[in-house]
Amino acid sequence: MPAILLTGGAGYIASHTAICLLEAGFEVLALDNFSNSQPQALERVAQICGRSIPFVQADIRDEAALEHVFNTHQISAVVHFAGLKAVGESTEKPLEYYDNNVAGTVTLCRVMARHGVKQLVFSSSATVYGDAQKMPICEDAPRSATNPYGQSKLMLEYILADLQASDPQWRIAVLRYFNPVGAHPSGLIGENPNGIPNNLMPFISQVAVGKRAKLSVFGDDYATPDGTGVRDYIHVMDLADGHVKALQYLQQQAGLVAVNLGTGQGYSVLQMVKAFSEINQVAVPYQIVARRPGDIGTCYADARLALQLFGWKAERDLADMVRDAWRWQQQNPDGYCS
Ligand code: NAD
Ligand code: UDP
């Protein structure tokens, strides 16, 4: 049976997606250069699924290595997660971001086309909506970007649309993720940030476990009910399931679709802190500090298109998100190196 190639397969979202794909009866092949992940993630996936996960260590920018992968494996579709994702770092190292994300994806698509593999699910982001004026955000909202990471996603959305328009055999699902959080309920895999976490949930978890003294809440003067930033947090297992549904959709439908994967529900930073500490019965000390440059006040999805096209909606609630994030953190205080 041909496999689904997961680029960035050892990463946070891909490792959870691998489980959902296997459970849905797909074969998977993971490819990663381990620039932001460890092979242990795939060993844990194997432990959860009771079977080994084939993987290749390679870089998506290495065309010869990709050629070899497509020559030696039967691949029916690609779910393309590989890329760099730290907004701050992208402003310091724009060329690395454009090279990894944009050039890497172009190389991948070129090799796919050569091998007649023209089904692609692509990891985009709600960041392509910039500072959206209308909530909830629909897929046809104006797009913009304010940093090289966001630019790279936006450019790729245009590149993939051009590619599909040039050759209607391509079937492409562009998935715009809102804020993925949480972990597999086993606590065996989860988010494993390098150094100081940029994102809210891993930061809260590290404060709760005692690795960091307190959370800095970036601004309490936004136009939101409690003044702190509002985001659409989505459980990573729901997000993972969205990829299975997107692939099943592409098996039936030609063309390109761009679809939000969010819950449609926004929570503020203080609501997240409160939920985490109350549900997990653990203290999360915090202080209010200045706004983080480049941050927006509110961002949440109109999630109806995913339901309409894929028959998918998020099933897990905030309690599941904070409980599963905490289980992973407690069992693995130092990530996969614990
Ligand atoms: P992650 O860093 O955990 O996973 C990305 C994986 O890609 C890592 O394992 C990394 O080693 C690998 N990788 C990076 N460059 C590569 C290259 N050139 N060749 C091969 N492998 C490479 O990140 P994630 O959170 O799982 O994100 C997956 C995708 O989803 C990314 O494209 C990211 O931009 C996108 N996304 C993530 C979020 C989020 O908040 N986590 C939100 C929106 C979109
Ligand atoms: N945030 C915060 N302290 C942190 C990290 C994040 O107050 O240490 C806030 C941030 O200002 C935003 C929300 O939490 O309002 C989500 O931030 P994150 O970086 O996780 O996601 P993004 O801003 O990319 O949507």
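As the structure lists them, so they are numbered: ligands from 1, and atoms in each ligand from 1.
At least one side-chain heavy atom of N101 sits less than 4.5 Å from a side-chain heavy atom of L84. Side-chain atoms of Y98 and K93, non-hydrogen and from C-beta on, never get closer than 4.5 Å to each other. You'll find the side chain of M237 reaches within 4.5 Å of the side chain of R316, heavy atoms only. Within the 4.5 Å cutoff, the side chain of H115 has heavy atoms near those of the N71 side chain. The side-chain heavy atoms of V230 and C299, taken from C-beta on, include no pair separated by under 4.5 Å. Proximity of Q287 to V217: side-chain heavy atoms (C-beta onward) are nowhere separated by under 4.5 Å.
If you check which protein heavy atom lies closest to atom 2 (O) of ligand 1, you get N36 ND2, 2.7 Å. Protein heavy atom in closest approach to atom 5 (C) of ligand 1: G83 O, 3.9 Å. What sits closest to atom 19 (N) of ligand 1 on the protein, heavy atoms only, is I60 N, 3.0 Å. Among all protein heavy atoms, the one lying closest to atom 7 (O) of ligand 1 is G8 CA, 3.3 Å. Of all protein heavy atoms, the one closest to atom 3 (N) of ligand 2 is S216 O, 2.7 Å. For atom 25 (O) of ligand 2, the closest non-hydrogen atom of the protein is R231 NE, 2.7 Å. Looking only at heavy atoms of the protein, atom 18 (P) of ligand 2 is closest to N199 ND2, 3.5 Å. Among protein heavy atoms, the minimum distance from atom 9 (C) of ligand 2 is reached at V269 CG2, 3.6 Å. Looking only at heavy atoms of the protein, atom 31 (C) of ligand 1 is closest to F81 O, 3.1 Å. What sits closest to atom 25 (O) of ligand 1 on the protein, heavy atoms only, is K85 NZ, 2.7 Å. Protein heavy atom nearest atom 4 (O) of ligand 1, with residue, atom name and distance: G11 CA, 3.4 Å. The protein heavy atom nearest to atom 3 (O) of ligand 1 is Y12 N, 2.8 Å.
Taking a cut-off of under 4.0 Å to the non-hydrogen atoms of A58, the atoms of ligand 1 that pass are 19 (N), 20 (C). Near R292, meaning under 4.0 Å from one of its heavy atoms, ligand 2 places the atoms 10 (C), 17 (O), 18 (P), 19 (O), 23 (O). Less than 4.0 angstrom separates some heavy atom of S37 from each of these atoms of ligand 1: 8 (C), 9 (O), 11 (O). Using a 4.0 Å cut-off to heavy atoms of S123, the atoms of ligand 1 that qualify are 29 (C), 30 (O), 32 (O), 35 (C). Close approach to S124 involves these atoms of ligand 1, each under 4.0 Å from a residue heavy atom: 43 (C), 44 (C). Those atoms of ligand 2 with a heavy atom of V217 less than 4.0 angstrom away are 7 (O). In the vicinity of F34, heavy-atom distances shorter than 4.0 Å reach the ligand 1 atoms 11 (O). Remark: ligand 1 atoms within the under-4.0 Å shell around heavy atoms of S35 are 10 (C), 11 (O), 13 (N), 14 (C), 15 (N). Each of the atoms 21 (O), 22 (P), 25 (O) of ligand 2 lies under 4.0 Å from some heavy atom of N179.
Comparing N100, L108, D32, T17 by heavy-atom distance to atom 10 (C) of ligand 1, the nearest is D32. Relative to atom 8 (O) of ligand 2, the option among Y233, Y222, Y267, F218 with the closest non-hydrogen atom is F218. For atom 21 (N) of ligand 1, the candidate residues are D59, N192, N33, V56; the nearest heavy-atom contact is made by N33.
A donor-acceptor contact under 3.5 angstrom links the side chains of D226 and S268, judged on distance only. Side-chain contact, N332 with R44: a donor N or O sits under 3.5 Å from an acceptor N or O. Side-chain polar atoms of S123 and H80 form no donor-acceptor pair below 3.5 angstrom. For the residue pair D324 and H235, a side-chain donor N or O sits within less than 3.5 Å of a side-chain acceptor on the partner.
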* Trace of the side-chain contact (heavy atoms from CB on, under 4.5 Å) decision for Q119 with V78 -> CA-CA 6 Å; Q119 278 189 44; V78 176; over 6 Å; no
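Of the N or O atoms in P180, none lie within a sub-3.5 Å distance of an N or O in ligand 1. Note: no N/O pair closer than 3.5 Å links F203 and ligand 2 by distance alone. Ligand 1 has no N or O atom lying under 3.5 Å from any N or O atom of N199, backbone or side chain. When only interatomic distances are considered, the shortest N/O to N/O separation between I13 and ligand 1 falls below 3.5 Å. Remark: ligand 1 and Y149 share an N or O pair separated by less than 3.5 Å (distance only, no angle test). Looking at L84 next to ligand 1, no N or O pair under 3.5 Å apart turns up.
Heavy atoms of C299 found under 4.0 angstrom from ligand 2: none, in either backbone or side chain. Under 4.0 angstrom from ligand 2, the non-hydrogen atoms of L200 come from both its backbone and its side chain. Residue-level proximity to ligand 2 for D295 is carried by the side chain, the only part with a heavy atom below 4.0 angstrom. Here L215 has side-chain heavy atoms under 4.0 Å from ligand 2, and that is the only part of it that gets that close. Residue contacts with ligand 2, taken as heavy atom pairs separated by less than 4.0 Å, do not involve R291 at all. Proximity of N198 to ligand 2, defined as any heavy-atom pair under 4.0 Å, is confined to the backbone N, CA, C and O atoms.
In this structure, R171 forms no cation-pi arrangement with Y249, as its terminal cationic atom is not both closer than 6.0 Å to the ring centre and no more than 45° off the ring axis.
Ring centroid separation for the pair F310 and H243 does not come in under the 6.0 Å cut-off. The distance between the ring centers of W328 and Y336 falls below 6.0 angstrom.
Under a 4.0 Å N-O distance rule, the pair E139/R304 does not qualify as a salt bridge. The pair D238-K313 fails the salt-bridge criterion, with no side-chain N (NZ, NE, NH1 or NH2) lying under 4.0 Å from an Asp/Glu carboxylate O. Using a 4.0 Å cut-off between a side-chain N of Lys or Arg and a carboxylate O of Asp or Glu, E67 and R110 do not qualify as a salt bridge.
Distance check, rounded to the nearest 0.5 Å: CG of D232 to CG of N179 gives 7.0 Å. In this structure, CD1 on I48 lies 4.0 Å from CD1 on I19, to the nearest 0.5 angstrom.
Distances from ligand 1 to the non-hydrogen atoms of T7 include no value under 4.0 Å. At a 4.0 Å cut-off, at least one heavy atom of K153 sits close enough to ligand 1 to count as contact.
Using cut-offs of 30° and 60° on the angle between ring planes, the pair Y149 and Y97 is perpendicular. Under the 30°/60° scheme for interplanar angles, the aromatic rings of F34 and F55 are found to stand perpendicular.
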